[in-house]
Amino acid sequence: MRRFLNVLRSWLVMVSVIAMGNTVQSFRDHSFLSEKLYTGMPEFVNGLQARTFGIWTLLSSIIRCACAIDIQNRTLYHITLWTFVLALGHFLSEAFIYKTAPLTIGVMAPLIVASFSIIGMLIGLQCFPETSEELGARQKKRN
């Protein structure tokens, strides 16, 4: 299972680097979002929304990279897992509730990345050794 965590670390670094590129693109030209993601209602995309999206993406990227560096940190691991859950929820809601992001390749890519990342990180949770609190709780149940 140690090998799996190393693969997961590489995945997190790769996803983090790609997110950094998306951040730069969001700050450089906000039409990137209206042409690639929010094609259902491109008139809703403006510079402010693009910069906000860029900051959100940058924060997620930093958290994911930090987790790749310190993958044994349970708290950081859980926060990283939540970045993918939030991304998945965001893109699903924009596609199916708000209808601002139809299922194009630009939307499918983050949906697929978030889904695979969630699955991988849930599998990775099985690689963590038990904490002393968990061991103590298990001992109490036996007695």
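Computation of the quantities below employed the complete heavy-atom set of this structure, encompassing side-chain atoms and omitting hydrogens, waters and symmetry-equivalent molecules. All residue numbers in this chain count up from 1 along the given sequence.
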Note to self: Before you tell me yes or no, could you show the steps for Phe27 and Ile55 under side chain to side chain contact (heavy atoms under 4.5 Å, CB included), namely the whole-Å CA-CA distance, both residues' side-chain angles and the distance that decides it to 0.1 Å?
What the structure shows: CA-CA 9 Å; Phe27 278 98; Ile55 288 295; 3.7 Å; yes
Item checked: Shortest non-hydrogen separation from Leu48 to Asn46 and the atoms involved -> N-OD1, 3.0 Å
Checklist line | Short side-chain to backbone donor-acceptor contact, Ser93 and His90, under 3.5 Å | finding: yes
Checklist line | Trace of the side chain to side chain contact (heavy atoms under 4.5 Å, CB included) decision for Phe84 with Val15 | finding: CA-CA 11 Å; Phe84 290 113; Val15 170; 3.9 Å; yes
Check: Which atom pair, heavy atoms only, marks the closest approach of Glu35 to Thr39?
Finding: O-CG2, 3.4 Å
Checklist line | Partner of Thr83 under side chain to side chain contact (heavy atoms under 4.5 Å, CB included), chosen from Ile118, Leu88, Ile63 | finding: Ile63
Next item on the list: Measure from NZ or CZ of Arg9 to the centre of the six-membered ring of Phe4, then state whether that distance is under 6.0 Å and the direction lies within 45° of the axis.
Entry: no
Checklist line | Nearest heavy atoms of Val107 and Pro102, plus distance in Å | finding: CG2-O, 3.3 Å
Next item on the list: Find out whether Leu8 and Tyr77 are in side-chain contact, i.e. whether some heavy atom of one side chain is under 4.5 Å from a heavy atom of the other.
Entry: yes
Check: Would you say the side-chain atoms of Thr23 pair up with the backbone N or O of Leu58, donor to acceptor, closer than 3.5 Å?
Finding: yes
Notebook entry, point to check: Under 30°, 30 to 60°, or over 60°: which ring-plane class applies to Trp56 and Phe91, parallel, tilted or perpendicular?
Noted result: tilted
Check: So, Ser26 versus Arg51: side-chain donor-acceptor pair below 3.5 Å or not?
Finding: no
Check: From Asp70 CG over to Thr80 OG1, what is the distance, rounded to the nearest 0.5 angstrom?
Finding: 9.5 Å
Check: Between Ile18 and Met14, does a side chain to side chain contact (heavy atoms under 4.5 Å, CB included) hold up when you go through it step by step?
Finding: CA-CA 6 Å; Ile18 292 169; Met14 182 188 71; 4.1 Å; yes
Next item on the list: Report, as yes or no, whether the 6.0 Å neighbourhood of atom CZ on Phe128 holds more than 12 heavy atoms from other residues, nucleotides or ligands.
Entry: yes
Notebook entry, point to check: When you measure from the side chain of His78 to the backbone N and O of Arg74, does any donor-acceptor pair fall under 3.5 Å?
Noted result: yes
Margin query: Between Ser16 and Ser61, do the side chains contain a donor N or O and an acceptor N or O under 3.5 Å apart?
Written below: yes
Check: Looking at residues at least two apart in the chain, or sitting in another chain, which of them share a side-chain hydrogen bond (donor to acceptor under 3.5 Å, both in side chains) with Ser34?
Finding: none
Checklist line | Residue pair Phe53 / Leu37: nearest heavy atoms and the distance that separates them | finding: CZ-CD1, 3.7 Å
Notebook entry, point to check: Under the side chain to side chain contact (heavy atoms under 4.5 Å, CB included) criterion, do Trp82 and Val85 qualify, and how do the steps go?
Noted result: CA-CA 5 Å; Trp82 275 104; Val85 171; 3.6 Å; yes
Next item on the list: Indicate the atoms forming the closest heavy-atom contact of Met121 with Leu12, along with that distance.
Entry: SD-CD2, 4.3 Å
Notebook entry, point to check: Nearest 0.5 Å, what's the CD-CE distance between Gln25 and Met20?
Noted result: 15.5 Å
Item checked: Minimal non-hydrogen separation, Gly124 against Leu5, with atom names -> O-CD2, 4.0 Å
